[in-house]
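Read the structure below first, then the notes.
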Amino acid sequence: MSADSINKIPGKKLLELLYWMMLTRRIDDRCEALFKQGRFPGGIFSQEGHEAISVGSAILLEEGDAIAPMHRDLGAYLVRGMSPGRIFAQAMGRQGSPSGGRDVNTHGLGDLSLRIFGYVSHLPQSMGIALGAAYSFLYRKEDRVALTYFGDGASSEGGCHEALNLAAVLKAPVVFILENNQYAYSTPIEKQCLVENLSIRAEGYGIPGVTIDGTDVIAVMEATREAIGRARAGDGPTLIECKNLRLKGHAAHDPADYIPPGLLKRWKKRDPISLFRERLENSGILDGNKLAELQGRIEAEIEEGVEWAEASPWPEAATLEKDVFSDA
Amino acid sequence: MPELSYLESINQALHQEMERDENVFILGEDVGEFGGAFKATAGLYEKFGSRRVLDTPMCEWAFIGLANGAAMMGLKPVVEIQFADFISTGFDPIVQYAATTHYRWGAKVPLVIRAPWGGGACAGPFHSQCKEAWFAHCPGLKVVIPSTPHDAKGLLISAIRDPNPVIFFEPKYLYRREKMEVPLETYSTPIGEAAVRREGSDLSIITYGAMVLEAVEAAETLSVENISCEVIDLRTLVPLDKKAVLDSVRKTSRALIVHEAVKTGGFGAEIAAIISEEAFDVLDAPPARLTAPDTPVPYSPPLEKAFRPDAGKIAARARQLAAY
Ligand SMILES: Cc1ncc(C[n+]2csc(CCOP(=O)(O)OP(=O)(O)O)c2C)c(N)n1
Ligand SMILES: [Mg+2]
């Protein structure tokens with residue numbers, strides 16, 4: 001693979017991207033293992049194959065920008081400052097998590113101080129929410145953007161159309177990232193739409209749309225950079241379709257034997273982390289020592305995160321009815 | 001007679017009704033080859049093919065709209081909502097179209113919407129909800145919530161044969177819990193008839209769904225303490241078997257209404273109001289409600305346990321009521 005396109009990016013930044021992707025993968029693995037050991041009941045959405053999308057886009061946000069992620073965007077939460085400990089605590093239903101044990105896995109993993117909007121299960125509701133954040137930027141004449149994500153499955157919901165059209169009409173500073181992982185739970189993309197590239201729908205809203213390789217973190221970054229530039233310049237929203245394959249089941253309970261083995265095999269060769277690692281090795285940015293150092297750091301952070309989460313108390317039953325309303 | 005789980009019983013009813021009536025078809029997300037998120041539609045795609053077991057994209061509004069149109073053309077759509085919580089995404093075609101059409105211009109809309117419903121599995125705020133009151137509040141919809149494998153089959157068959165839109169909530173907590181003997185042949189359990197799950201004379205526990213099991217367990221506990229509870233399983237909320245409720249309360253003079261849904265505006269309020277209006281003269285105590293508190297459904301085990309009524313809580317409340 002030619003390393004041309006990455007030469008423009010400082011080596012330190014490239015290693016940072018690799019770090020976030022590897023951290024995402026390892027947290028995902030650990031959560032899955034803990035779930036399968038019965039350490040918590042809620043279930044876990046697999047992230048494998050989505051790391052380049054969430055990391056490559058969220059990395060470009062600046063302080064004050066907003067993000068409304070979906071259930072495959074663990075990387076985005078991390079990049080935007082959610083600590084591994086709080087993420088583990090959320091999975092485990094502990095007090096120290098962003099939802100204090102009230103919401104499950106990546107649902108409700110929100111923190112307004114980080115401008116991360118916790119999502120509801122109903123897809124693709126985050127599109128409207130991100131649009132609202134973008135509108136607040138327009139309203140207050142702030143030079144900010146909102147970034148949000150939705151799946152190929154969610155792209156068939158009516159809300160998707162409404163949000164894209166309204167964002168277009170308002171010229172809202174929002175970037176819509178469509179994570180086309182070719183499946184909505186068990187339903188393959190051919191049963192969901194007849195178009196090859198969902199990004200062509202952008203034309204129907206009068207906004208730019210592109211389709212890119214969702215396994216290539218640099219491609220994601222470049223496309224997002226352009227879209228963010230457009231948003232900040234007052235030119236409105238962009239639809240970026242990132243193609244990849246969900247490399248595991250829909251969630252930890254799902255063996256996903258409906259995915260044809262050949263398809264899975266082909267895409268496993270395009271594991272976004274392995275691809276990027278190789279690319280960095282080939283261009284001399286990564287070597288064995290640096291990799292070992294990264295891995296060591298990640299393992300330590302994960303151990304610390306799990307310990308932190310497990311030390312976090314269970315929510316007390318007496319708090320059940322608190323906070324339904326805000327007091328002030 | 002074979003013993004079936006709740007889920008197997010649903011699956012069998014679907015198989016048999018599709019065999020019986022060429023017009024019955026299934027639609028929803030992942031219902032085809034995959035057999036549905038809970039496997040309620042397993043084997044149907046293989047037997048009946050993609051015309052009659054229609055996998056849809058994610059688009060509740062559109063596929064429930066489709067079900068309305070197809071129903072008025074004489075087909076019998078049985079929609080599966082992956083989790084009852086997601087029914088809100090397809091709300092308008094249910095509560096505006098299906099509910100009102102026969103009244104407005106006489107067309108029948110015989111569709112069934114099946115939805116795995118309720119909590120008890122630590123599945124969090126969006127995979128645990130009990131929103132039956134939303135639908136009971138819409139004249140024109142029938143609302144059915146079976147609590148046993150036997151009723152699940154019989155009521156689903158009735159729902160499919162009913163000329164009206166039926167919202168059919170399946171307590172997923174019960175899906176794989178207790179098996180019971182279920183006749184292999186088809187039978188219909190009438191919509192609108194409650195069942196007395198246990199006879200008693202001191203107080204009536206009026207409930208439905210997964211709380212029936214808990215109420216029966218509570219009644220067993222209390223019988224040791226010489227408190228005799230009658231357990232009424234409503235089975236259908238609309239139409240409501242008022243007579244069964246009132247007969248029981250007239251016998252016991254005390255009523256405890258139990259449901260998994262939150263309290264305010266819940267269906268229990270309707271039952272309490274009916275008892276107050278129509279059996280006030282016989283009451284020895286105000287009608288009592290034991291429900292979930294007015295909060296979203298929390299995920300964490302200690303919170304969900306505190307949230308959800310169970311046999312212990314029912315017994316405790318029943319003791320108070322018996323001593324009133
Ligand atoms: C309105 C709505 N209907 C159904 C579901 C149940 N559900 C959860 S995830 C999912 C598939 C989502 O597919 P996609 O949008 O492609 O995202 P992916 O999981 O593939 O990343 C479904 C059907 C839901 N969350 N929301
Ligand atoms: Mg998908």
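Below, chain A is the first sequence line, B the second, and so on; all start at residue 1.
Panel note: side chain B:Q129, backbone B:A84; no donor-acceptor pair is recorded below 3.5 Å.
Below 4.5 Å, heavy atoms of chain B meet heavy atoms from A:Q90, A:A91, A:M92, A:G93, all part of residues 87-96 of chain A. Chain A is approached within less than 4.5 Å, heavy atom to heavy atom, by no residue from residues 261-270 of chain B. By a heavy-atom distance cut of under 4.5 Å, B:P293, B:D294 are the residues of residues 287-294 of chain B near chain A, going up by number.
A donor-acceptor contact closer than 3.5 angstrom links the side chains of A:T106 and A:Y119. Looking at B:N11 and B:K39, their side chains never bring a donor and an acceptor atom within 3.5 Å of each other. Residues A:D73 and A:H50 have side chains that never bring a donor and an acceptor to within less than 3.5 angstrom of each other. Of the N and O atoms on the side chains of A:Q192 and A:D152, at least one donor lies less than 3.5 Å from an acceptor on the other residue.
Centroid-to-centroid, the aromatic rings of A:H122 and A:H107 stay 6.0 Å apart or farther. Taking the centre of each ring, A:H71 and A:Y149 stay at or above the 6.0 Å mark. Taking the centre of each ring, B:F34 and A:H250 stay at or above the 6.0 Å mark. The ring of B:W134 has its center closer than 6.0 angstrom to the ring center of B:F91.
Tested against B:I94 for a side-chain contact (heavy atoms from CB on, under 4.5 Å), the candidates B:N68, B:I167, B:V79 yield a single pass: B:I167.
Identified under the side-chain hydrogen bond (donor to acceptor under 3.5 Å, both in side chains) test for residues 317-328 of chain A, with sequence neighbours left out: A:R102-A:D323.
The contact between A:V120 and chain B is made by backbone and side chain atoms together, counting heavy-atom distances below 4.5 Å. Residue B:E60 touches chain A through both its backbone and its side chain, counting heavy-atom pairs closer than 4.5 Å.
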Checklist entry - Hey, mind stepping through B:D55 and A:T187 against side-chain hydrogen bond (donor to acceptor under 3.5 Å, both in side chains) and telling me if it holds? => result CA-CA 8 Å; B:D55 268 323; A:T187 307; 4.9 Å; no

Checklist entry - Could you go step by step and tell me if A:Y183 and A:Y258 meet the ring-ring contact (aromatic ring centres under 6.0 Å, His included) rule? => result CA-CA 10 Å; A:Y183 279 87; A:Y258 46 81; 5.7 Å; yes

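With A:F35 as the aromatic partner, A:R39 does not meet the cation-pi criteria of under 6.0 angstrom to the ring centre and within 45 degrees of the ring axis.
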